[in-house]
Enquirer: 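Encoded as structure tokens, here's the structure I'll be asking about.
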Amino acid sequence: MARIELDGLAHAYGPRPQQPEDYALRPMTMTWQDGGAYALLGPSGCGKTTLLNIISGLVRPTQGRVLFDGRDVTELPTEARNIAQVFQFPVIYDTMNVHDNLAFPLRNRRIPETEVRRRVGQVAELLELTGDLKNRASGLSADMKQKISLGRGLVRKDVAAILFDEPLTVIDPHLKWQLRSKLKQIHHELKLSLIYVTHDQVEALTFADQVVLMYEGAVVQAGTPQALFEEPEHVFVGYFIGSPGMNLLPCTLAEGAAGLIQIGGASSAPVQLPVAAQHLERARDRGALTLGIRPEFLGCDNAPRPGAVPAVIERVDDLGNYKMATATLGGQTLRAKLPEDAAVVPGAGWLSFPPEKTKLYADSIIVR
Ligand code: ATP
């Protein structure tokens, strides 16, 4: 397995790119550690597949370099990069049985047969395929075939990395859940370097140690699932991660009232929100301001609490194991995720913004 470095990497499919919008992948420099499980996450068209294809050698980048363990592989074709790939749809040999399909990448590299049997046995056990090893692949369901594809990706120990491009798309939702957890377990047991492309945040957050969130061709944040949840560095991270995403409220610094913020335009009453004075000062003249707080951290009550801001609670929905309150403040809608036994009702209400959970963004970037 290898450490992967992306050095000033950028890609444009059209000729002569000039402005940022011309790039499918905007210039990025980052290092992915040997043995890490990385998820490339983002909405359709943000550049995930382009980045994966540059790492695998299917696409030559317009600029920058890809290094595996310090060795420049930018110009090398896929075959010379020593990587395994698992695609959205199964790639297996129907004429072979499950064992021989799993053994194929190893036999292809002339690995001794005793090692082939050991490795196939290990991967089959991890993927719960042991009972199927003698079955012919042609008669198997699409789910099973994709499991075998995953196994073929995981069976080699000598690869620089294993690249997955939305491999669970065709899998039945129940099995998807199982396979996701399995992959995480396999990663820990076999210490593989995995790069996993998905547009599904649940998939990324359950599987990866590090999530690389992309938006419009750029990496907006790379970090642990917890960091992306608790400390979104860009408003897009707040919006995209979480269900529902972060409450994002356009706001301004209140004129003539130091330390106060106005939500919902100059005509609304300025409110004292717990944004540190130095953050407000740093945010000045840095572009449009947005206040962000996750629904999980926003307090919502019918009675006033110290530091709470008056608002209107529009509705409270009981969603089984939690309640979701929808409130308005200065014409903006906010959501608060409350415990299932919360006694909050629609009507006059108060919103509490815990200081350490309330983030300020200037021109979409967090102010620190
Ligand atoms: P999806 O999840 O839909 O596959 P993605 O995040 O993987 O999306 P890419 O497929 O990398 O995104 O596409 C990034 C951008 O590059 C998009 O605007 C896409 O239209 C464009 N693009 C991708 N492949 C090509 C190509 N071969 N030629 C021209 N433009 C392309």
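As the structure lists them, so they are numbered: ligands from 1, and atoms in each ligand from 1.
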Enquirer: Which of the listed options, Ala12, Gly217, Gly45, holds the heavy atom that is closest to atom 14 (C) of ligand 1?
Expert: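 Result: the heavy atom closest to atom 14 (C) of ligand 1 is in Gly45.
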
Enquirer: Tell me which protein heavy atom sits closest to atom 3 (O) of ligand 1, plus the residue, atom name and distance to 0.1 Å.
Expert: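 Looking at atom 3 (O) of ligand 1, the protein heavy atom closest to it is Ser44 OG, 2.5 Å.
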
Enquirer: Would a hydrophobic clustering, with Ile, Leu, Val, Met, Phe, Trp and Tyr connected at side-chain separations under 4.5 Å, put Val219 with Phe229?
Expert: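 No; tracing contacts between hydrophobic side chains, which count when under 4.5 Å, never links both residues.
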
Enquirer: Can you name the atoms of ligand 1, numbered from 1 with element, that are less than 4.0 Å from a heavy atom of Thr49?
Expert: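 Once the distances to Thr49 are compared, the set is 4 (O), 5 (P), 7 (O), 10 (O), 11 (O).
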
Enquirer: Applying a strict 4.0 Å limit to heavy atoms, is Gly42 in contact with ligand 1?
Expert: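 Contact check Gly42 vs ligand 1: negative.
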
Enquirer: Considering only heavy atoms of Ala24, which atoms of ligand 1 have at least one such atom less than 4.0 Å away?
Expert: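 Those of ligand 1 that fall under 4.0 Å from Ala24 are 15 (C), 16 (O).
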
Enquirer: Going from CG on Leu150 to CZ on Phe164, what distance comes out if it is rounded to the nearest 0.5 angstrom?
Expert: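 Spacing of CG (Leu150) from CZ (Phe164) equals 6.0 Å.
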
Enquirer: What is the nearest protein non-hydrogen atom to atom 2 (O) of ligand 1, stated with its residue, atom name and distance?
Expert: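 That would be Lys48 NZ, 3.1 Å.
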
Enquirer: Look at the aromatic rings of Phe240 and Phe236 and report parallel, tilted or perpendicular, splitting at 30° and 60°.
Expert: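 Parallel, since the angle between the ring planes stays under 30°.
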
Enquirer: If you scan the protein for heavy atoms around atom 19 (C) of ligand 1, do you find one that is closer than 4.0 Å?
Expert: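 Protein heavy atoms within 4.0 Å of atom 19 (C) of ligand 1 - there are none.
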
Enquirer: Using 30° and 60° as the class boundaries, would you call the ring planes of Tyr38 and Trp32 parallel, tilted or perpendicular?
Expert: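 Correct class here is parallel.
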
Enquirer: Nearest protein heavy atom to atom 12 (O) of ligand 1, by residue and atom, and its distance?
Expert: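 The closest heavy atom on the protein side is Gly47 N, 3.2 Å.
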
Enquirer: Show the nearest heavy-atom pair for residues Val86 and Ser149, with the distance to one decimal.
Expert: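 Minimum heavy-atom contact is CG2-O, 3.7 Å.
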
Enquirer: Within a distance under 4.0 Å of any heavy atom of Thr50, pick out the atoms of ligand 1 and give their elements.
Expert: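 Every atom of ligand 1 under 4.0 Å from some heavy atom of Thr50: 9 (P), 11 (O), 13 (O), 14 (C).
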
Enquirer: For atom 28 (N) of ligand 1, which candidate among Tyr13, Tyr215, Tyr23 provides the closest heavy atom?
Expert: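 Residue with the shortest heavy-atom distance to the ligand atom: Tyr13.
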
Enquirer: Consider only side-chain heavy atoms of I, L, V, M, F, W and Y, link residues closer than 4.5 Å, and tell whether Val212 and Ile366 are in one cluster.
Expert: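 Shared cluster, no.
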
Enquirer: Pick from Leu6, Leu9, Thr78: which one makes a side-chain contact (heavy atoms from CB on, under 4.5 Å) with Ile55?
Expert: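 Going through Leu6, Leu9, Thr78 one by one, the side-chain contact (heavy atoms from CB on, under 4.5 Å) with Ile55 is satisfied by Leu6 alone.
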
Enquirer: When you check the gap from the basic side-chain N to the acidic O, do Lys359 and Glu231 get nearer than 4.0 Å?
Expert: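 Counted as a salt bridge, because a side-chain N and a carboxylate O are separated by less than 4.0 Å.
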
Enquirer: Number the atoms of ligand 1 from 1 as they appear, then name those within less than 4.0 Å of a heavy atom of Pro43, with their elements.
Expert: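 Those of ligand 1 that fall under 4.0 Å from Pro43 are 6 (O).
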
